[in-house]
Participant: 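The structure that follows is given in the form of structure tokens.
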Amino acid sequence: MAVVIDGKELAKKVRGNLKIECENLKAKGIRPKFAVIMVGDDPASKIYVKSKSKACDEIGIEYEEHILDDKITQEELINLIHKLNEDKTVNGILLQSPIPKHLDIDEAFKEISYKKDVDGFNPVNVGRLLLNQDTFVSCTPYGIMKMFEEYKIDLEGKNVVIIGRSNIVGKPLMACCLNRHATVTVCHSRTKNLKEKTKNADVLVSAIGKPNFVTADMVKDGAVIIDVGINRGENKKITGDVDYENVKEKASYITPVPGGVGPMTVAMLMNNVIKATINQNK
Ligand code: NAP
């Protein structure tokens, strides 16, 4: 039976440490400030944005929200980003996705100064991650790496299999694991013989968004299972991608949903805001 990786508790610990760092900064007259841009009123985004503002309050980071009309132009969005880039009181900037389809989010991410890009989506930061240089690692992969560190799960020489190749989870996680000397396989919807790959995983990460996709027969005995998926059922109950009850009998470690990767994502975002503040005040 697997050890349950308690993301909620670890996130609380991370936030507690950040609160102390934030107090130390304030004692030196430095006030960390985080700006969030949201375009339109996507209900899921509203929930995510609220959890970010709550975490800022708890840690002592000043929080500034820019809610834009869903009909704004790309130019207006970029103008706001440039304004926040130039604002010396703002240390971290995040553009909440999704944004309306008439806007180009990749172009917008490119415009966020890489020094304030606490989500790690600016191509400079993505490139630095691939080069194994100091950077802002995007928050979900970063949270997963923090879990490995806390639970002393060494990746060196391990077979890590990641299902999902998105820019926010699968690809940056691939780079993180490679940088820790794992042998990494990234799977996606066109992957053939998926089970053959997952059965070989010492560490299996699922980030696709399909409930009960990863079943016990796909998992090697003693594997570490990281479930990134967030799926809302009809009764609004949140589940991950993994058939948790059955897989936990075979795994050595497993993350629950909720209470696993999700809380870590917000905690590591806060970590990046404090890091950006420290870097900008060196
Ligand atoms: P995404 O951009 O939709 O990517 C999904 C990935 O899954 C794609 O690479 C897709 O392959 C792959 N995929 C879909 N069906 C598959 C199948 N049958 N077999 C193999 N691969 C398959 O999603 P995302 O943004 O990465 O998010 C993934 C999940 O994680 C969602 O449930 C999301 O809500 C959750 N999430 C959670 C957190 C957190 O903090 N816990 C953060 C981010 C995301 P193709 O590339 O071939 O289409």
Side-chain angles (χ1 to χ4, degrees), residues 4-12 14-15 42-52 54-55 94-99 101 105-106 109 118-121 126 136-148 160-177 184-201 204-215 217-219 225-233 236-244 254-272:
V4 177
I5 298 181
D6 191 340
K8 203 172 164 191
E9 202 48 43
L10 178 55
K12 197 169 148 194
V14 170
R15 292 197 306 272
D42 177 66
S45 293
K46 275 186 177 164
I47 297 171
Y48 294 139
V49 163
K50 202 170 166 202
S51 68
K52 288 163 191 169
K54 205 172 138 214
L94 178 143
L95 172 61
Q96 182 66 47
S97 69
I99 60 176
K101 288 200 168 30
I105 199 160
D106 290 328
F109 284 147
V118 288
D119 238 350
F121 294 153
V126 177
F136 293 109
V137 179
S138 64
C139 306
T140 303
Y142 196 9
I144 295 170
M145 298 315 283
K146 188 79 188 169
M147 285 171 152
F148 291 147
V160 174
V161 176
I162 302 167
I163 320 176
R165 57 172 164 179
S166 72
N167 291 342
I168 69 165
V169 187
K171 283 185 202 159
L173 184 63
M174 171 199 74
C176 290
C177 293
V184 189
T185 306
V186 184
C187 304
H188 45 79
S189 66
R190 322 271 173 100
T191 298
K192 299 222 165 61
N193 305 322
L194 181 65
K195 188 169 154 186
E196 212 173 80
K197 305 207 166 43
T198 60
K199 284 284 280 182
N200 193 33
L204 177 61
V205 182
S206 183
I208 60 174
K210 292 197 168 135
N212 290 323
F213 184 86
V214 176
T215 48
D217 60 317
M218 294 168 73
V219 172
I225 307 293
I226 306 292
D227 191 351
V228 184
I230 299 177
N231 305 294
R232 279 167 226 277
K236 293 209 171 156
K237 192 171 173 259
I238 291 176
T239 57
D241 290 345
V242 175
D243 173 8
Y244 183 81
I254 192 165
T255 61
V257 178
V261 176
M264 289 306 296
T265 297
V266 181
M268 300 323 282
L269 174 67
M270 297 296 115
N271 183 86
N272 281 350

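First listed ligand is number 1; within each ligand, the first listed atom is number 1.
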Participant: Relative to ligand 1, is Ile230 under 4.0 angstrom through side chain, backbone, both or neither, heavy atoms considered?
Facilitator: both
Participant: For atom 13 (N) of ligand 1, what is the closest protein heavy atom, and at what distance to 0.1 Å?
Facilitator: Ile208 CG2, 3.5 Å
Participant: Minimum distance, heavy atoms only, to atom 36 (N) of ligand 1: which one of Val228, Val186, Asn167 is it?
Facilitator: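 When every heavy atom of Val228, Val186, Asn167 is considered, Val228 comes closest to atom 36 (N) of ligand 1.
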Participant: Main chain of Gly209, side chain of Asp241: is a donor-acceptor contact present, judged purely on distance under 3.5 Å?
Facilitator: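 The answer is yes, because a donor-acceptor pair under 3.5 Å joins these two groups.
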Participant: Please check if any side-chain donor atom of Asp227 sits under 3.5 Å from a side-chain acceptor atom of Tyr244, or the reverse.
Facilitator: no
Participant: Suppose I only count heavy atoms of Ile168 and a 4.0 Å limit; which atoms of ligand 1 are within that range?
Facilitator: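 Result: 25 (O), 43 (C).
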Participant: Please tell me if atom 3 (O) of ligand 1 is touched by the protein, where touching means a protein heavy-atom distance below 4.0 Å.
Facilitator: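 No.
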Participant: Within the side chain of Asn193, is there an N or O that forms a donor-acceptor pair under 3.5 Å with the backbone of Glu196?
Facilitator: no
Participant: So which heavy atom in the protein is nearest atom 44 (C) of ligand 1, and how far is it from that ligand atom?
Facilitator: Val169 CG2, 4.0 Å
Participant: Any donor and acceptor pair, going by atom type alone, linking the side chain of Lys8 with main-chain N or O of Gly262 inside 3.5 Å?
Facilitator: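 Pair absent, no side-chain N/O of Lys8 close to backbone of Gly262.
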Participant: Contact between Phe121 and Leu95 at the side-chain level, heavy atoms closer than 4.5 Å - yes or no?
Facilitator: no
Participant: Checking a contact table here: which protein heavy atom is nearest atom 26 (O) of ligand 1, and how many Å away?
Facilitator: Ser166 OG, 2.5 Å
Participant: Looking at ligand 1, is there an atom of it that comes within less than 4.0 Å of some heavy atom belonging to Cys187?
Facilitator: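 No, Cys187 has no heavy atom closer than 4.0 Å to ligand 1.
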Participant: Rounded to the nearest 0.5 Å, what separates atom CD1 in Ile47 from atom CG in Asp42?
Facilitator: 9.0 Å
Participant: What distance do Leu94 atom CG and Tyr48 atom OH have between them, rounded to the nearest 0.5 Å?
Facilitator: 13.0 Å
Participant: Run down the list Arg232, Met268, His188, Arg165 and name the one with the heavy atom closest to atom 21 (N) of ligand 1.
Facilitator: His188
Participant: Measure the distance from atom 31 (C) of ligand 1 to every protein heavy atom, then report the residue, atom name and distance (to 0.1 Å) of the closest one.
Facilitator: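 Here the nearest protein heavy atom works out to Gly209 CA, 3.8 Å.
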Participant: Any atom of ligand 1 sitting under 4.0 Å from a heavy atom of Thr191?
Facilitator: no
Participant: Please evaluate residues Cys139 and Thr265 with respect to the criterion side-chain contact (heavy atoms from CB on, under 4.5 Å), reporting the C-alpha separation (whole Å), side-chain torsions for both, the decisive distance (0.1 Å), and the verdict.
Facilitator: CA-CA 5 Å; Cys139 306; Thr265 297; 4.0 Å; yes
Participant: For ligand 1, which atoms have a heavy atom of Gly262 less than 4.0 angstrom away?
Facilitator: 40 (O), 41 (N)
Participant: Counting non-hydrogen protein atoms only, what is the nearest one to atom 42 (C) of ligand 1? Give residue, atom name and distance.
Facilitator: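 Heavy-atom neighbour on the protein nearest atom 42 (C) of ligand 1: Thr140 OG1, 3.2 Å.
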Participant: Is a side-chain N or O of Asn231 found less than 3.5 angstrom from the main chain of Gly240, in a donor-acceptor match?
Facilitator: yes
Participant: Could you list the atoms of ligand 1 found under 4.0 angstrom from a heavy atom of Lys210?
Facilitator: 14 (C), 15 (N), 16 (C), 18 (N)
Participant: Would you compute the distance between atom NZ of Lys171 and atom CZ of Arg165 and round it to the nearest 0.5 angstrom?
Facilitator: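 Lys171 atom NZ to Arg165 atom CZ measures 7.5 Å (nearest 0.5 Å).
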Participant: Just jot down the ligand 1 atoms closer than 4.0 angstrom to any heavy atom of Thr265, in number order.
Facilitator: 39 (C), 40 (O)
Participant: For ligand 1 and Arg190, I'd like to know whether there is a polar contact (N/O to N/O, distance under 3.5 Å).
Facilitator: no
Participant: Could you identify the single nearest non-hydrogen protein atom to atom 48 (O) of ligand 1 and state the distance to 0.1 Å?
Facilitator: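 Ranking protein heavy atoms by distance from atom 48 (O) of ligand 1, first comes Ser189 OG, 3.6 Å.
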Participant: Under 4.0 Å from any heavy atom of Gly164, which atoms of ligand 1 are there?
Facilitator: 6 (C), 7 (O), 9 (O)
Participant: Please check if the side chain of Thr191 supplies one atom and the backbone of Leu194 the other of a donor-acceptor pair under 3.5 Å.
Facilitator: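 Flag not set: sc Thr191 to bb Leu194 has no pair under 3.5 Å.
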Participant: Counting both backbone and side chain atoms, is some N or O of Asp241 under 3.5 Å from an N or O of ligand 1?
Facilitator: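 So ligand 1 has no N or O lying under 3.5 Å from an N or O of Asp241.
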Participant: In the protein, which heavy atom is nearest to atom 18 (N) of ligand 1, and how far is it?
Facilitator: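 Residue, atom and distance for the closest contact: Phe213 CE1, 3.4 Å.
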Participant: Set out, in order, the CA-CA distance, both residues' side-chain angles and the distance that settles side-chain contact (heavy atoms from CB on, under 4.5 Å) for Thr140 and Val261, then state yes or no.
Facilitator: CA-CA 7 Å; Thr140 303; Val261 176; 3.6 Å; yes
Participant: Quick one: are Asn212 and Asp243 in side-chain contact, heavy atoms under 4.5 Å?
Facilitator: yes
Participant: Only heavy atoms of Ile163, strictly under 4.0 Å: list the atoms of ligand 1 that pass.
Facilitator: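 Going through ligand 1 atom by atom, the ones under 4.0 Å from Ile163 are 20 (C), 21 (N).
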Participant: Heavy-atom contact check, 4.0 Å cutoff: does Ala207 meet ligand 1?
Facilitator: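 Yes, Ala207 has a heavy atom closer than 4.0 Å to ligand 1.
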